[in-house]
Amino acid sequence: PPLLDRLEPWLPTVMLGLEDLGHALDELKPGSEHRLMDVELVKEANQRGKQIAHFEAVEEQIAVFDSISLDEQVRELARSLESAGSAQAHALLSGFSAGDEDALSKALFDEAELASSPGFYDKVLFDRNARWLPVIEQETAKGGAFIAVGAGHLLGERGIVAELRRRGYAVSRVGQ
């Protein structure tokens with residue numbers, strides 16, 4: 001409890017969300033190995049001798065969450081403590097593992113969630129997407145770039161894929 005008193009509400013919210021995803025993974029794919037995208041990609045890049053660049057520093061990532069109003073952070077933490085977070089985790093993982101972009105988008109961009117947590121969506125997804133797009137364009141112009149972001153950044157009308165298409169890029173899904 002003394003440690004929790006010093007944390008901003010967004011951190012336990014994120015931690016609970018990750019725990020919900022872990023539980024959902026255990027239920028949907030029992031015995032599957034828990035792996036983190038960032039760790040896997042860095043390991044692969046290092047093995048291949050590839051240079052790694054990040055869109056933002058850890059301090060910038062923390063500032064993104066800190067920029068969300070305290071009221072909204074508390075509301076999101078309360079929601080995360082309810083069973084609704086677990087249902088969303090199941091829906092996200094089910095859509096992702098099935099390769100069902102529509103189901104994944106529906107789970108991620110739930111209308112009630114968008115209305116109750118505009119700061120999380122604006123600050124964590126949409127504003128960051130807008131900041132990243134010029135960097136993505138610079139890197140792809142050089143050729144040979146591999147860019148990895150969380151699936152939520154790719155989806156929806158304010159996602160990176162839709163914005164790149166609006167800018168004239170041909171974007172297609174590979175693999176399944």
Side-chain angles (χ1 to χ4, degrees), residues 7-21 24 36-38 41 52-82 84-142 145-174:
L7 296 178
E8 296 293 331
W10 66 261
L11 184 57
T13 302
V14 169
M15 292 167 61
L16 288 168
L18 291 172
E19 186 174 333
D20 280 346
L21 287 170
L36 301 172
M37 177 189 77
D38 297 25
L41 290 172
I52 299 172
H54 300 276
F55 287 132
E56 54 198 11
V58 171
E59 296 81 12
E60 292 170 306
Q61 292 174 4
I62 291 170
V64 165
F65 286 96
D66 281 342
S67 70
I68 299 165
S69 76
L70 186 58
D71 287 344
E72 188 171 330
Q73 289 184 46
V74 170
R75 279 195 314 273
E76 271 301 291
L77 178 56
R79 190 196 66 78
S80 295
L81 292 168
E82 298 170 358
S86 181
Q88 186 183 32
H90 276 83
L92 287 168
L93 279 176
S94 293
F96 184 82
S97 59
D100 186 341
E101 190 175 322
D102 290 335
L104 188 56
S105 291
K106 183 178 177 184
L108 183 64
F109 299 113
D110 176 78
E111 290 299 323
E113 284 299 310
L114 283 165
S116 71
S117 304
F120 273 89
Y121 285 93
D122 287 340
K123 305 287 185 185
V124 175
L125 289 177
F126 307 139
D127 293 351
R128 290 167 80 204
N129 291 349
R131 283 194 308 274
W132 295 349
L133 280 160
V135 178
I136 291 170
E137 288 182 301
Q138 289 171 354
E139 291 301 316
T140 57
K142 294 177 190 175
F146 175 83
I147 297 167
V149 298
H153 291 283
L154 300 173
L155 302 171
E157 284 304 308
R158 294 177 68 187
I160 290 171
V161 170
E163 185 57 38
L164 286 172
R165 286 181 176 147
R166 277 192 287 278
R167 293 177 183 205
Y169 290 87
V171 181
S172 61
R173 183 179 178 164
V174 295

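All values reported here derive from a predicted model rather than from experimental measurement. We use all heavy atoms of the structure for the numbers below, so side chains are in, but hydrogens, waters and symmetry mates are not. Residue numbers run from 1 in the order of the sequence given.
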Salt bridge (charged side-chain N to carboxylate O under 4.0 Å, His left out) assessment of E157 paired with R166: CA-CA 10 Å; E157 284 304 308; R166 277 192 287 278; 3.4 Å; yes
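- For the pair G95 and A103, the tightest heavy-atom approach, listed with the atom from each and the gap, is CA-CB, 4.1 Å.
- Looking at D122, its side chain never comes within 3.5 Å of a backbone N or O of D127 through a donor-acceptor pair.
- Between G119 and I68, the closest heavy-atom pair is O-CG1, 3.9 Å.
- In this structure, the side chains of L133 and R167 come closer than 4.5 Å at one or more pairs of heavy atoms.
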Quick one: do F109 and L125 satisfy side chain to side chain contact (heavy atoms under 4.5 Å, CB included)? Show the steps, please. CA-CA 11 Å; F109 299 113; L125 289 177; 4.0 Å; yes
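- Remark: E137 does not engage K142 in a salt bridge, criterion side-chain N to carboxylate O under 4.0 Å.
- Not counting sequence neighbours, the partners of F96 by the side-chain contact (heavy atoms from CB on, under 4.5 Å) test are L104, A151.
- Between Q73 and D66, the shortest heavy-atom contact is NE2-O, 4.1 Å.
- For the atom pair CD1 of I147 and NE2 of H153, the computed distance is 13.5 Å after rounding to the nearest 0.5 Å.
- Atom CD of E72 and atom OG of S117 lie 5.0 Å apart (nearest 0.5 Å).
- For E101, the CD atom is loosely surrounded, since the number of other residues' heavy atoms within 6.0 Å does not exceed 12.
- A heavy-atom distance below 4.5 Å is not found between the side chains of E56 and V135.
- In this structure, E113 contributes its side chain and L108 its backbone to no donor-acceptor pair below 3.5 Å.
- For V171, the side-chain contact (heavy atoms from CB on, under 4.5 Å) partners are V161, L164, R165, Y169, not counting sequence neighbours.
- Distance check: I160 CD1 to L154 CG gives 6.0 Å after rounding to the nearest 0.5 Å.
- The CD atom of E139 lies 13.5 Å from the CZ atom of F146; values are rounded to the nearest 0.5 Å.
- How far OG of S67 is from CD1 of I62: 12.5 Å, rounded to the nearest 0.5 Å.
- Summarising the geometry, atom CD belonging to E163 is positioned 12.5 Å from atom CZ belonging to F126; distances are rounded to the nearest 0.5 Å.
- Between R128 and F55, the closest side-chain pair of non-hydrogen atoms is not below 4.5 Å.
- Using a 4.0 Å cut-off between charged nitrogen and carboxylate oxygen, K106 and D100 do not count as a salt-bridge pair.
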